[in-house]
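For reference, the structure discussed in these notes is given below.
What you see is a predicted model, and the numbers here were worked out from it, not measured in a lab. In this chain, residues are counted from 1 in sequence order.
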Amino acid sequence: MNPTPPLEAQDRPARLTVGVVGAGRVGPALAAALKLAGHRPVAVSGVSDASVRRAAELLPDVPLVTPAEVLARADLVLLTVPDDALADLVTGLAETGAVRPGQLLVHTSGRYGTAVLDPATRAGALPLALHPAMTFTGTSVDVQRLAGCSFGVTAPEELRMAAEALVIEMGGEPEWIAESARPLYHAALAIGANHLVTLVAQSMELLADAGVRAPDRMLGPLLGAALDNALRSGDAALTGPVARGDAGTVAAHVAELRRHSPQSVAGYLAMARTTADRALAHGLLKPELAEDLLGVLADAGNDPGTAARPAPGPAAHGTGPAAPDTPGSPDNPDGRDHDPDSPDPDHGPDTPDHGPEGGDR
């Protein structure tokens, strides 16, 4: 006798009706993944043209309605709006009576845990924070990328099993994050993902200025190997002139950047100081070489209007420790851009999100 074939998702009875408030890049993709697991998307809100297109592509035939109507129709509601809009949205929904007791409210912010959902929780909602550590494009490829994706999960103890089940059904791996650790967790992802995109884009621009015809092809193997080595070995994977203590090479880099890309100098110096500190702490950079190197970096940082001084000779010594880093403008960890004129704060542009994880809701 042949075994009974497994039921396809469309053949299984839907377990939860799903709604999306904010059809940015993340919400429709998560709802589409839940649909593959047998749940049933029933409503989505979004007002910008890009939101309407995303919803039509990823959630065909799902009606576009108001946020309040989304909550009226769905057992599980994904609140996928920008971090700064989330608290006001939750408060407004709770105060207008849109929240129903027993309704699962899930937000995808990396910054927040479940405390931001307190107004809805007091109205009887079941709060979950499920943050996918993935970059989203707003297209169907995002659904496949969720396979094996880690989710930063925060939930009350009694909802732990429900949170884990939802993440696993979307193809992800739950990683529990304490409420108090959410901002640090999110900052770590921003450093790793958002800043990486900036560094790679800057590197490609400089290579193009140097005459390289295909910067992406040149960087691909190098960056792939560097990322693999870093994930395997951490600081032990450091290479290059800073880790070796080649002060003369670093001075030449700074001089060239001042001539060709002065806007790149501050970032180069900040990363070089941080790299030097880590290489020194892990025994990769010799202290006698670090002194000259840090002297070059200090001079370059203290006198940004002039070229960096030549590196001292082998018998010379640096002038002191590196100057402290100059704080920059606050970083937007999620790389998000939403329509400020929209009463439903979703996102307009179709450019890919380079958030840590899918921050652009």
Next on the checklist: Whether the side chain of Asp75 engages the backbone of Thr17 through a donor-acceptor N/O pair (distance < 3.5 Å, no angle test) should be reported.
Outcome noted: yes
Checklist entry - Any donor and acceptor pair, going by atom type alone, linking the side chain of His39 with main-chain N or O of Lys35 inside 3.5 Å? => result no
Checklist entry - Would you call Val106 and Leu76 a side-chain contact if the rule is heavy atoms closer than 4.5 Å? => result yes
Checklist entry - Can you check whether His131 and His186 have ring centres sitting under 6.0 Å from each other? => result yes
Next on the checklist: Listing request: all ring-ring contact (aromatic ring centres under 6.0 Å, His included) pairs with a residue in residues 211-253, at least two apart in sequence or in separate chains.
Outcome noted: His253-Tyr268
Item to check | Whether Ser51 side chain and Ala23 backbone form a donor-acceptor pair below 3.5 Å | outcome: yes
Checklist entry - Does Arg53 use its side chain to pair, donor to acceptor, with the backbone of Ser48 at less than 3.5 Å? => result no
Checklist entry - What distance do Leu219 atom CG and Leu199 atom CG have between them, rounded to the nearest 0.5 Å? => result 11.0 Å
Checklist entry - Would you say Ser261's side chain and Leu257's backbone share a donor-acceptor pair under 3.5 angstrom? => result no
Checklist entry - Under 4.5 Å between side-chain heavy atoms, hopping through other hydrophobics if needed: is there a path connecting Ile191 to Leu238? => result no
Next on the checklist: Between Asp228 and Arg232, does any side-chain N to carboxylate O distance fall below 4.0 Å?
Outcome noted: yes
Checklist entry - Taking NZ, NE, NH1 and NH2 as the nitrogens, is one of them in Glu169 or Arg15 under 4.0 Å from a carboxylate oxygen of the other? => result yes
Next on the checklist: Are Phe136 and Val153 linked, directly or through intermediate hydrophobic residues, by side-chain heavy-atom contacts shorter than 4.5 Å (ILVMFWY only)?
Outcome noted: yes
Item to check | Any donor-acceptor N or O pair under 3.5 Å, side chains Ser203, Glu205 | outcome: no
Item to check | Shortest non-hydrogen contact from Pro28 toward Leu58 | outcome: CB-CD1, 3.6 Å
Checklist entry - Are the side chain of Arg182 and the backbone of Thr114 linked by a donor-acceptor contact shorter than 3.5 Å? => result no
Checklist entry - Does Glu179 use its side chain to pair, donor to acceptor, with the backbone of Thr154 at less than 3.5 Å? => result no
Next on the checklist: If I compare all heavy atoms of Gly19 with all of Ala74, which pair ends up nearest, and what's the gap?
Outcome noted: N-CB, 3.3 Å
Checklist entry - Side-chain contact, heavy-atom cut-off 4.5 Å: Met218 with Leu222? => result no
Checklist entry - When you check the gap from the basic side-chain N to the acidic O, do Asp84 and Arg111 get nearer than 4.0 Å? => result yes
Checklist entry - Backbone N or O of Gly24 within a donor-acceptor pair of the Arg54 side chain at under 3.5 Å? => result yes
Checklist entry - Within the distance-only criterion (no hydrogens, no angle test), does the side chain of Arg145 pair as donor or acceptor with the backbone N or O of Ser140 below 3.5 angstrom? => result no
Next on the checklist: Looking at every heavy atom in both Val99 and Ala125, which two are closest together, and how far apart are they?
Outcome noted: CG1-CB, 3.5 Å
